[in-house]
Structures are given as C-alpha cells and as structure tokens.
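Only one structure is covered here, and it is reproduced in the block below.
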Amino acid sequence: MTKFHVCAAADLPSGEAKRIESEPAVSVFHVGGEYFALADLCTHGDASMADGYIEDDCTVECPLHAARFCLRTGKALSQPAYIDLATYPVSIEDGEIYVTVESAA
Ligand code: FES
C-alpha cells in the first residue's frame, strides 16, 4: 500500500476531481466537504473518471458513454458500465489530502 499526496484541500473545490498518477491511477473527488477516491479508469472503456460529471448526489457520470457510478461505493449505477470501480481510503491531514492505494501488482 502506498500513500499519495493529492493536493491541499483548499485546492480541490467541491464539485471537482483530481487524477493521481498512481498504479493504478486514482481520481479523488470533493463533494460538499466529503472526499472520495475511485479507480480513474472507467470499467467500460478508456475514459478518465476525473473528467466525468460530478453530481450533488455523490455520483459521477463517465465523460465517454455516460455510465454513472456512486462515489461512496464505486457501484456502477447505470449502463453501459456494469462493473464497479474500486474505491480507496482518503484522509485529510493538516489541510492536505492523501489517498492510500493498494498496488495491483
Ligand atoms: S467508457 Fe465509461 S461508459 Fe463507456
């Protein structure tokens, strides 16, 4: 497991996401004071979830074919995706965001 520094919490406003070049790549999302980390690569195709559309109900819509995923659980909520995204723990320490990623290797 590796802990990655994402950015200062102040630099990730609500409704935005940031991609971390870990292995696998992870996207960290901020919605209304809550932070979530999901695998960045859509389970349906070659799209970065960091480029997706974040909704107030804590879901993200894939930018390529509009599948929706739950930010809390990674669950695939609509077609064409049916495989869930992996989730990762996020922590805030001294105003900085960190994500812990378990390598696929
Ligand atoms: S690549 Fe995400 S829904 Fe197709």
Side-chain angles (χ1 to χ4, degrees):
M1 291 218 255
T2 307
K3 190 170 174 178
F4 290 87
H5 177 248
V6 179
C7 64
D11 292 337
L12 188 63
S14 183
E16 295 200 5
K18 186 172 176 62
R19 177 185 158 103
I20 306 303
E21 300 302 332
S22 50
E23 183 56 50
V26 168
S27 287
V28 178
F29 300 85
H30 176 198
V31 181
E34 291 188 273
Y35 297 87
F36 309 96
L38 303 176
D40 180 64
L41 185 65
C42 181
T43 58
H44 176 250
D46 192 19
S48 169
M49 297 311 295
D51 294 332
Y53 306 101
I54 301 166
E55 307 292 346
D56 289 342
D57 62 353
C58 284
T59 62
V60 60
E61 182 180 297
C62 176
L64 207 51
H65 307 114
R68 282 176 50 249
F69 295 88
C70 175
L71 290 175
R72 296 182 191 282
T73 65
K75 187 169 181 49
L77 300 172
S78 67
Q79 298 287 332
Y82 58 89
I83 298 171
D84 300 344
L85 289 167
T87 61
Y88 301 91
V90 179
S91 59
I92 310 293
E93 298 169 27
D94 295 328
E96 302 288 327
I97 306 171
Y98 294 89
V99 61
T100 301
V101 179
E102 191 167 348
S103 168

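In this text, all values refer to a predicted model and were calculated from it rather than measured experimentally. Every number for a ligand or one of its atoms is a count from 1 in the order of the listing.
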Query - Gap separating the CG atom of Asp56 from the OG atom of Ser14, nearest 0.5 angstrom - result: 7.0 Å

**Report entry** Spatial distance of atom CZ (Arg68) from atom OG1 (Thr59) [nearest 0.5 Å]
**Finding:** 4.5 Å

Report summary line: Counting only protein N, O or S atoms and ignoring waters, those under 2.8 Å from atom 2 (Fe) of ligand 1 are Cys42 SG, Cys62 SG

**Report entry** Aromatic ring pairing His65/His44, orientation class (parallel under 30°, perpendicular over 60°, tilted between)
**Finding:** perpendicular

Query raised in the report: Under 4.0 Å between a Lys/Arg side-chain N and an Asp/Glu carboxylate O for Glu21 and Arg19?
Result: yes

Report task. To the nearest 0.5 Å, tell me how far Phe36 CZ sits from Thr73 OG1. Result -> 10.0 Å

Report summary line: Output for pair (Leu85 CG, Lys75 NZ), nearest 0.5 Å, gives 11.5 Å

